[in-house]
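Remember, predicted model here, so these are calculated numbers, not experimental data.
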Amino acid sequence: MGANTSREHHLVPKYWLRSFAEDGHVLGRWRSGAEHRTPVRRAAVARDFNTDLLADGERRVALESYLDRHVDGPCAPVLRAVREGRWPLDGAQHALALDALAWQVVRTQAFRSFDEQVGRHVFPALWASEAVGFCEERLGRPLSDAERMEVFWTAVRTAPSPSVVADPRSALRAMIRAFERTRDLLTVPGRRLVVLRAAEPLLVLADSGVALRRNDGSFCLTPPLLPETVEVFAPLSPTCLLISTPRAHYRTQQGLTHKIAAKANAGAAAWCQDAVYRLPSMPWPSRLRLTGTPLEVRPPRLSAVPAQQPPNPAPAHPEIHRGELRTLLEQLSHAPADQLPCSGTDGGR
């Protein structure tokens with residue numbers, strides 16, 4: 001199979017969207033309240049979303065081609081088997097189902113927005129920390145505690161936009177690393193996959209595909225995106241819900257109740273970036289509301305204390321297990337020979 005050269009990248013794979021379609025179309029509702037019948041090929045897409053802007057030829061679409069060949073191709077028949085009631089899965093199929101869920105968490109505008117918002121909140125502190133070291137280097141002496149604090153907080157207040165050191169590849173690196181962390185989380189002891197079914201269409205699908213529900217019932221992005229207690233809701237069709245959960249309260253014999261479907265749909269409404277899709281013949285759930293804006297990361301409360309000892313070394317990223325992903329990450333971490341290296345705020349994320 002050749003490279004996937006399309007510039008319209010699906011945030012939710014087409015095979016997934018088709019299960020919510022009739023005659024090749026889904027019905028989308030946008031945050032404005034507008035509704036449109038949308039062809040599957042144009043639903044949940046973003047132009048050049050996974051494109052490596054610093055590469056040429058097939059390397060430019062290497063990540064999108066990886067998703068096409070190594071994720072969507074193998075995972076499509078497994079999730080179809082789940083939708084059709086072939087459950088439980090064997091070991092290899094179960095692993096692919098977890099791959100599909102983990103990628104769906106990170107391949108969307110919702111995750112990229114989370115990553116960018118965190119970067120904006122953290123950048124002033126990183127900039128200020130560098131400013132302290134720069135001042136000491138220029139002066140040729142250590143700063144006093146009072147001087148360090150004055151330089152730090154002045155730099156926090158006057159820090160430029162993160163775009164001054166932006167690396168167009170940092171979001172792609174973050175996606176790959178977050179996939180591995182998410183995939184590991186989905187396999188921790190005590191976590192399981194549950195499939196719930198309904199006799200009638202009850203579920204809608206966000207342009208994020210999945211939603212993360214916290215122990216307190218909220219769908220917010222913070223505190224950290226993936227606490228171990230989080231539940232992943234993945235509507236596979238209007239009548240089939242796949243859940244990754246550490247909890248034991250779901251009863252498959254009860255099936256997909258209206259109450260659980262309402263929770264999944266609330267998650268879809270919260271986690272969508274622009275639109276929520278549904279079967280064109282299915283009415284919009286009566287109590288479901290889309291807010292005017294997508295989820296936001298709450299700004300952290302910043303504090304600082306002077307420290308003269310050398311800072312601790314930056315934590316190393318966990319090793320990437322899969323060879324193809326390591327190769328991709330290496331491509332995305334090194335500037336081409338004809339490009340000046342970019343510095344990013346992700347620390348080589």
Side-chain angles (χ1 to χ4, degrees), residues 1-11 46-73 99 102-109 111-131 133-134 137 159-184 225-226 310-349:
M1 188 183 296
N4 183 356
T5 57
S6 169
R7 297 186 66 185
E8 300 294 333
H9 298 166
H10 269 84
L11 310 172
R47 191 168 180 81
D48 286 328
F49 192 72
N50 296 317
T51 298
D52 180 355
L53 298 174
L54 302 185
D56 296 312
E58 289 199 358
R59 287 167 61 85
R60 193 171 175 85
V61 292
L63 179 53
E64 182 68 6
S65 296
Y66 176 89
L67 292 172
D68 190 37
R69 283 198 296 262
H70 297 286
V71 182
D72 298 344
D99 281 355
W103 274 114
Q104 199 52 55
V105 169
V106 303
R107 69 189 292 178
T108 62
Q109 289 173 313
F111 174 79
R112 189 157 299 181
S113 172
F114 168 84
D115 186 58
E116 289 170 353
Q117 290 181 66
V118 169
R120 286 199 302 272
H121 291 320
V122 170
F123 178 77
L126 298 177
W127 178 270
S129 181
E130 293 286 332
F134 178 75
E137 188 177 314
S161 163
S163 62
V164 299
V165 293
D167 177 350
R169 290 166 154 175
S170 66
L172 305 183
R173 294 196 299 271
M175 188 166 103
I176 292 172
R177 294 193 183 282
F179 160 73
E180 290 261 333
R181 290 196 295 271
T182 304
R183 182 63 172 74
D184 289 344
L225 184 67
L226 285 167
N312 294 325
H317 290 294
E319 183 183 357
I320 300 297
H321 305 311
R322 306 181 188 209
E324 300 95 338
L325 283 182
R326 282 200 303 272
T327 301
L328 260 177
L329 195 60
E330 188 164 330
Q331 173 187 322
L332 296 167
S333 300
H334 297 93
D338 61 344
Q339 301 264 1
L340 287 174
C342 295
S343 63
T345 60
D346 71 342
R349 239 177 346 208

Reported [atom1]-to-[atom2] distance for the pair [X] and [Y], which is rounded to 0.5 angstrom:
X: Leu329; Y: Arg177; atom1: CG; atom2: CZ; value: 4.5 Å
X: Ile176; Y: Leu328; atom1: CD1; atom2: CG; value: 5.0 Å
X: Arg173; Y: Asp115; atom1: CZ; atom2: CG; value: 10.0 Å
X: Glu64; Y: Arg107; atom1: CD; atom2: CZ; value: 7.0 Å
X: Phe111; Y: Thr182; atom1: CZ; atom2: OG1; value: 7.0 Å
X: Leu325; Y: Met175; atom1: CG; atom2: CE; value: 9.5 Å

* **side chain to side chain contact (heavy atoms under 4.5 Å, CB included) partners for Gln117, two or more places apart** =>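 With neighbours one apart ignored, the set is Ser113, Arg120, Leu221, Glu296, Val297.
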Exam field: side chain [X] to backbone [Y], donor-acceptor pair closer than 3.5 Å:
X: Arg169; Y: His334; value: yes
X: Arg326; Y: His321; value: yes
X: Arg112; Y: Phe49; value: yes

* Taking only residues two or more places apart in sequence, or in another chain, which ones meet Phe179 in a ring pair (Phe, Tyr, Trp, His ring centres under 6.0 Å)? ->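 Expected list: Trp103.
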Considering residues at least two apart in sequence or located in another chain, which fulfil the salt bridge (charged side-chain N to carboxylate O under 4.0 Å, His left out) criterion with [X]?
X: Glu130; answer: none
X: Asp48; answer: Arg7
X: Arg183; answer: Asp99

* Between Arg60 and Ala55, what is the shortest heavy-atom contact and its length? ->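 Heavy atoms only, the tightest pair is NH1-O, 3.2 Å.
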* To do: Take atom CZ of Arg59 as the centre, draw a 6.0 Å sphere, and report whether it contains more than 12 heavy atoms from other residues, nucleotides or ligands.
  =>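 It does not: Arg59 CZ has 12 such atoms or fewer within range.
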* To do: Go through the steps for Arg181 and Leu226 under the test side-chain contact (heavy atoms from CB on, under 4.5 Å), then give the verdict.
  => CA-CA 9 Å; Arg181 290 196 295 271; Leu226 285 167; 5.6 Å; no
* Side chains of Val61 and Asn50: does their closest heavy-atom pair fall under 4.5 Å? ->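 A side-chain contact is absent here, since even the closest heavy-atom pair is not under 4.5 Å.
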* Listed partners of Glu180 passing side-chain hydrogen bond (donor to acceptor under 3.5 Å, both in side chains), at least two apart ->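 Once residues adjacent in sequence are excluded, Glu180 has no partner under the side-chain hydrogen bond (donor to acceptor under 3.5 Å, both in side chains) criterion.
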* Derivation of the side-chain contact (heavy atoms from CB on, under 4.5 Å) call for Thr51 and His9 -> CA-CA 9 Å; Thr51 298; His9 298 166; 3.3 Å; yes
